[in-house]
Amino acid sequence: MEICFDPAYYLTAILSECAHQTGLGETFDPMLRAADPRFGDFQANGVLPWAKQEKRNPREVATQLLEALNAGSKLDESLVECSIAGPGFINFKLTPKFLLGWMQHYRTAEDFAKQAASFEQGRHIVVDFSAPNTAKQMHVGHIRSTVIGEAISRLLEFFGAEVVRDNHIGDWGTQFGMLIWAIKDSGYDLDAEHKDALADLEGLYKAGNAAYKSSEATADSVRNELVKLQNGDPENTRMWERITEISWVAFKDIYDRLGIRFDEVLGESFYRDKVERIYEELTELNLAEESQGALVVFHPEHKRFATQPFIVRKADGASNYATTDLATILYRYETFNADEVIYVVDARQSDHFEQLFLTTQKWFAGMNRVQPKLAHVSFGTINGEDGKAIKTKEGGSVKLKELMAEAVERSYGIVTEKNPDLPEAERREIAEAVGLGAIRYTDLSQNRSSDYIFSWEKMLSFEGNTAPYLLYAVARIYSIFRKAELAPGASEETADAFSTEEEMTLARKLLGFTTALKQARSDLRPHFLCSYLYELSGAFSSFYNANKVIVDEPEIKARRLMLCSRTLTVLETGLNLLGLKTLQRM
RNA sequence: GUGACAGUAGCUCAGUUGGAUAGAGCAGCGGUCUUCUAAACCGCAGGUCUUGGGUUCGAAUCCCAACUGUCACGCCA
């Protein structure tokens with residue numbers, strides 16, 4: 001056996017092979033799992049259910065398997081020890097020699113990336129996320145989609161996929177009638193420089209909305225502005241374009257600070273001229289039917305969607321989001337050759353996506369198209385401490401920009417308190433990374449399917465499973481290398497096998513990186529990666545406190561430097577996948 | 001009414017897809033800085049995994065039924 005990148009994968013393969021040789025059959029699944037550290041690194045549980053089904057003694061079967069493993073010399077005892085335990089578990093324990101060899105073999109972020117890049121090589125995946133509405137500022141409600149979408153995109157890229165990040169902004173709809181009316185009514189100059197133009201637009205929209213409701217005459221004027229826009233009136237079209245520009249400038253400001261980028265920004269307006277084809281194809285396939293004046297799709301085989309319609313054209317003849325979403329799938333199929341489309345949208349829209357996916361499945365089948373895999377990455381809402389939708393004291397939405405500013409400001413106060421001697425500019429930089437990292441990590445570290453309760457205390461708490469804790473671990477590793485006057489990765493040649501309990505725990509934890517990444521990818525849940533990185537940081541902190549790195553004995557120093565360097569690589573790679581910037585000092 | 005998601009320590013949450021004695025962080029108590037950053041580490045204490053059935057060698061995890069909370073369900077997205 002050799003030192004392989006993913007020992008769990010290797011062990012599964014040879015166990016299956018031996019099972020076949022010993023006549024257990026090809027369907028035998030070793031069920032290799034990460035084991036409790038007390039028992040080893042991995043445990044194979046598969047013998048128990050198999051023996052049960054075949055009415056055999058599980059320990060006997062396990063013994064047979066082990067004999068086959070040893071006879072075939074598939075395992076090198078100096079690299080991995082195995083044993084049978086309990087009712088028939090097979091335990092595998094990697095030896096210090098294996099752990100050291102692994103560290104020597106896989107050294108840099110590039111080494112990891114190279115191993116990972118084969119998993120999704122060449123697949124085209126569209127990630128649809130963030131999707132704010134124009135003419136409104138981004139608020140807390142946009143955090144989750146934005147941050148989770150970016151993390152998933154980075155993860156898929158790391159696995160070798162060709163990712164198209166598409167921001168499906170809400171840039172079309174009836175609200176523009178009110179906004180355009182209000183702009184004209186107030187005489188607001190869209191072309192002039194304004195300090196916070198998007199906030200102005202949001203205020204104007206509210207004024208327009210109020211006016212619309214207050215008098216019938218105004219309502220008519222508002223509707224008239226909307227009709228003019230829809231019919232391509234040059235003045236209103238230009239105003240609408242300017243509104244989009246103003247909005248995008250403000251969005252871009254936030255995206256840049258968060259290190260988020262998009263390959264495409266194809267909003268609802270982009271699909272305006274692509275909906276006719278949808279009506280035609282769905283009608284032609286007899287998928288859509290008229291109901292109460294609207295064009296709708298029912299799914300008779302589905303308990304609820306047999307009667308709950310998927311409305312693709314409103315009774316007034318206009319399209320809606322169902323229509324554009326269908327057109328969007330077709331566009332992504334035809335333009336991006338999408339193998340997979342991932343929608344990072346909150347859970348309240350689950351019904352919509354279920355109907356969308358069901359409809360697409362039948363529609364694509366009917367047209368003989370290969371349907372991309374469709375996934376709704378749903379997430380819970382962010383609530384206030386009362387368990388209801390989050391609001392400011394004044395009852396408005398909490399603006400993302402203001403949230404970011406406060407997080408950074410609070411972080412600045414803490415850095416200044418902890419490390420007053422650092423230059424001001426560096427403290428500002430640290431505050432930016434820590435504050436924005438805290439917002440981001442709070443969200444990512446939580447299982448996305450549940451709602452979460454927003455509180456400043458929780459978001460900016462710098463203890464436990466939080467961004468500052470992880471960033472601090474990184475900063476301390478850099479500090480060791482500064483003190484040792486070495487670059488990370490240097491001076492490892494004389495390393496001998498890991499020996500102390502803390503070294504062993506840390507080394508084992510480092511090997512778990514790929515498992516965590518795979519888990520995060522397969523479930524599209526970044527919190528698996530967060531939990532792993534937190535545990536790794538914990539293992540490092542314990543090691544750091546118990547085992548001094550810069551010591552006189554060259555073997556000990558070298559192997560500990562090696563652990564520091566690998567921990568740094570894994571932490572930085574992982575944090576970067578989550579979108580966090582790391583720091584050399586904090 | 002139909003459905004989705006959730007219910008785990010006082011609080012906020014994990015729990016590697018059914019495995020061995022359910023884990024963290026806060027909060028509480030007690031220790032550790034003349035030694036690489038104490039934003040840290042170590043220890044103690046804290047549990048009827050909402051309830052009741054069922055499947056299984058084995059259940060927080062799967063199935064059924066309740067209960068509680070949030071949300072969605074015909075022209076917003």
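What you see is a predicted model; the values in this text were computed from it and never measured. Just so we're on the same page: letters track the sequence lines, and every chain starts at 1.
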B:A22 base / A:D36 side chain donor-acceptor hit below 3.5 Å: no

Sugar-phosphate only, base, or nothing, as touched by A:D171 at under 4.0 Å among non-hydrogen atoms: nothing

Donor-acceptor contact below 3.5 Å, side chain A:D41 vs main chain A:L94: yes

Distance-only donor-acceptor check, side chains A:S445 and A:N465, under 3.5 Å: no

Watson-Crick or G-U counterpart of B:A20, or none if no pair lies under 3.5 Å: none

Donor-acceptor side-chain pairing of A:E572 and A:T582 below 3.5 angstrom: yes

Donor-acceptor pair (no angle test) under 3.5 Å: A:Y472 side chain, B:A39 base: no

Watson-Crick or G-U wobble partner of B:C11, both distances under 3.5 Å: B:G25

Sugar-phosphate only, base, or nothing, as touched by A:R304 at under 4.0 Å among non-hydrogen atoms: base

Residues A:Y10, A:F92; criterion ring pair (Phe, Tyr, Trp, His ring centres under 6.0 Å); working and verdict: CA-CA 12 Å; A:Y10 176 80; A:F92 298 91; over 10 Å; no

Sugar-phosphate only, base, or nothing, as touched by A:E463 at under 4.0 Å among non-hydrogen atoms: sugar-phosphate

Touch class at under 4.0 angstrom, heavy-atom based, for A:S291 against every strand present: base

